Amino acid sequence: DTAKNFDIAEAQRLIAEYLDGEFFSGHLFTTPADHQLEIGKKGRSRLNVAKPTFKAAPLLSHNRNKTEFVDKNAQYLHALGITTDSGEVRDKQQDKWRQINKFVETLASLVDKSRLKDRPRLNIVDMGSGKGYLTFAAYDYFANVRGLDVAMTGVDTRAELVSLCNDIAAASEFEGLKFVEGSIDSFSPDGVDILLALHACNTATDDAIYKGIRAGAELIVTVPCCHQELRPQIKPPEMFRDVLKHGVMLERVAETMTDGIRSLLLERSGYSTKLFEFVAVEHTPKNNMVVGTKLDRPVD
C-alpha cells in the first residue's frame with residue numbers, strides 16, 4: 001500500500017483523472033453520508049448514498065493521539081522516578097513508559113479474550129515484582145479504570161524493594177495491593193486468577209509457570225529473561241556445526257528452544273498459548289511474552 005497526502009486542488013484533479021479510466025468505483029466518506037460511485041463499462045454511472053461510517057470529523061493534525069492506558073499523573077509514577085513533579089515523563093524513562101503502557105494494554109486485551117472478561121473481582125500475583133513498575137500500573141488500571149475489586153500481590157526476594165513498594169502503595173491509597181518478601185519457589189499463589197512473571201531470570205520463569213499451573217490460574221503471563229539452562233546442554237548436529245560455531249548463535253537458539261518448550265508444557269497442562277513480542281526491541285531487549293490461557297476443555 002502507498003499513502004500520499006495532497007492539497008485539495010491536486011486531489012480533485014487526481015480523482016477526476018483516476019475515475020476517467022483507471023478505476024471504476026470510488027468511495028467518499030463524509031459525516032452526513034457515505035457516497036459510492038460505480039462506473040459501468042459503457043460509461044454509465046450510478047451514485048449510491050448510505051448512512052455515514054464516520055459520524056465525527058477526523059482530527060486535522062498529522063499525528064493521531066495515542067491511547068494511553070496509564071495515567072501520567074499517577075502518584076506511584078512520580079515516586080518511582082518515571083515522571084517529574086509536573087507529570088511529564090523523564091527523558092531517560094521514555095522506554096520504560098512505553099513498556100508499561102504496552103504491557104497494560106496487552107494484559108487488558110488478554111483478560112478480555114479469556115474467561116475473566118466479566119469477572120467483578122480479580123486476584124493477581126506478580127512473581128518477582130522488583131521495583132513494581134508494571135505491578136502498580138496493572139493494579140491501577142483494573143482497580144481504578146475498570147472499577148474491579150482487585151487483590152494484587154507482588155512477590156520479591158529483596159526486602160528493601162518490598163518495603164519501598166508497600167510505602168508507595170499506601171501513599172497511593174491502593175488498598176488491594178501489597179508486596180511480600182519471598183522467592184517464587186516458596187510462595188503459594190492460592191486462588192490466583194492471573195499470574196505474572198516479568199523478567200524472572202533463567203528457570204525462575206519456569207518456577208512461576210509451574211506455580212501458575214498448580215494454582216489453576218486462568219492467565220499465566222511471562223516475559224522470560226536470561227535463558228541459561230539449555231545453553232550448556234546444546235551440541236549442534238553436524239549439519240549445523242559451522243553455522244552455530246559462534247556462542248551468540250547458540251544463545252539465541254537456546255532462547256528460542258526454551259520458550260518453545262515452555263509453550264508446549266503450558267499446552268500439555270490445559271492452556272492455549274501465544275508467544276509474541278509485546279513491545280518493540282528498541283524499548284527493551286527482553287520483550288518476548290509467553291502467555292497461557294486456560295481452556296474450558298484441555299486438548300490432548
Side-chain angles (χ1 to χ4, degrees), residues 1 95-96 98-99 102-103 105-107 109-110 113-114 125-130 133-134 155-158 183-187 189 192 194-300:
D1 293 341
D95 285 344
K96 179 66 71 176
R98 292 186 182 93
Q99 185 182 350
K102 192 60 182 179
F103 170 75
E105 179 185 356
T106 301
L107 186 59
S109 176
L110 291 170
K113 294 176 182 177
S114 74
V125 173
D126 185 358
M127 296 288 210
S129 53
Y133 298 108
L134 304 180
V155 183
D156 202 89
T157 57
R158 291 161 289 185
S183 65
I184 293 174
D185 187 51
S186 65
F187 187 83
V192 64
I194 303 173
L195 184 134
L196 309 175
L198 310 170
H199 302 156
C201 283
N202 199 21
T203 56
T205 293
D206 303 292
D207 294 336
I209 291 173
Y210 171 76
K211 292 283 186 174
I213 292 172
R214 286 295 301 270
E218 291 288 337
L219 269 179
I220 299 174
V221 182
T222 67
V223 180
C225 172
C226 308
H227 302 70
Q228 299 165 355
E229 176 69 16
L230 289 189
R231 169 65 180 84
Q233 302 180 49
I234 294 176
K235 183 179 180 180
E238 186 63 26
M239 180 188 296
F240 296 116
R241 185 188 65 184
D242 293 334
V243 175
L244 299 176
K245 65 183 179 182
H246 300 289
V248 67
M249 300 301 291
L250 274 181
E251 289 172 9
R252 292 178 180 177
V253 169
E255 178 180 339
T256 300
M257 291 183 65
T258 302
D259 289 342
I261 291 170
R262 286 167 172 155
S263 174
L264 290 174
L265 288 169
L266 280 163
E267 289 177 12
R268 189 190 69 174
S269 301
Y271 290 78
S272 66
T273 60
K274 293 180 180 179
L275 207 165
F276 57 95
E277 292 184 346
F278 82 99
V279 69
V281 70
E282 62 262 27
H283 302 314
T284 174
K286 305 167 185 176
N287 67 340
N288 279 345
M289 181 174 280
V290 182
V291 176
T293 303
K294 195 173 184 181
L295 295 169
D296 292 328
R297 296 180 181 177
V299 176
D300 187 352

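All figures in this text were calculated on a predicted structure; none of them were measured in a lab. Just so you know, these numbers use all the heavy atoms, side chains as well, and skip hydrogens, waters and symmetry mates.
Screening V290, T222, L266, T256 for a side-chain contact (heavy atoms from CB on, under 4.5 Å) with L275, the sole residue that qualifies is V290.
A side-chain donor-acceptor contact under 3.5 Å links K211 to the backbone of F187. Of the possible polar contacts, one joining the S183 side chain to the S186 backbone as a donor-acceptor pair under 3.5 Å is found.
Here the OG-CD1 distance, from S269 to I220, works out to 8.0 Å after rounding to the nearest 0.5 Å. Atom OG of residue S129 and atom CZ of residue R158 lie 8.0 Å apart, to the nearest 0.5 angstrom. D259 contributes atom CG, which lies 11.0 Å from atom OG1 of T273 (distance to the nearest 0.5 angstrom). The line from CG of D296 to NZ of K294 is 10.0 Å long, rounded to the nearest 0.5 Å. Rounding to the nearest 0.5 Å gives a distance of 11.5 Å between CE of M289 and CD of E277. Note that the NZ atom of K235 and the CG atom of L244 stand 13.5 Å from one another [nearest 0.5 Å].
At least one side-chain heavy atom of L107 sits less than 4.5 Å from a side-chain heavy atom of L196. Looking only at side-chain heavy atoms (C-beta outward), E255 and Q228 stay at 4.5 Å or farther from each other. Residues Y210 and L265 are not in side-chain contact: their nearest non-hydrogen atoms beyond the backbone lie 4.5 Å or more apart. Residues L219 and V291 form a side-chain contact, since some pair of their non-hydrogen atoms from C-beta on lies under 4.5 Å apart. Put simply, the side chain of M127 reaches to within 4.5 Å of the side chain of V125, judged on heavy atoms. Side-chain contact between H227 and N202 is absent, with no heavy atoms from C-beta onward closer than 4.5 Å. For the pair R262/I209, a side-chain contact is recorded, criterion being any heavy-atom separation below 4.5 Å from C-beta on. Taking 4.5 Å as the limit, every side-chain heavy atom of F240 sits out of range of all side-chain heavy atoms of V253.
Within the structure, the side chain to side chain donor-acceptor pair (under 3.5 Å) test picks out the following pairs touching residues 240-254 (sequence neighbours left out): E238-R241. Every pair passing salt bridge (charged side-chain N to carboxylate O under 4.0 Å, His left out) that includes a residue from residues 218-231 is listed here, sequence neighbours excluded: R115-E218, R119-E218.
Considering every non-hydrogen atom in both A215 and P189, the closest pair reads CB-O, 3.3 Å. Smallest separation of non-hydrogen atoms from L250 and P236: CD2-CG, 3.8 Å. In plain terms, the two heavy atoms of D156 and G130 that are nearest each other are OD1-N, 2.8 Å. Shortest non-hydrogen contact noted between I184 and A204 is CD1-O, 3.7 Å.
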- [ ] Please step through side chain to side chain contact (heavy atoms under 4.5 Å, CB included) for the pair F103 and L198, ending with a clear verdict.
- [x] CA-CA 10 Å; F103 170 75; L198 310 170; 3.7 Å; yes

TODO: Output, in order, the C-alpha distance, side-chain angles, deciding distance and verdict of side chain to side chain contact (heavy atoms under 4.5 Å, CB included) for V223 and T205.
DONE: CA-CA 8 Å; V223 180; T205 293; over 6 Å; no

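Counting only N and O atoms by type, the side chains of T106 and S109 include no donor and acceptor under 3.5 Å apart.
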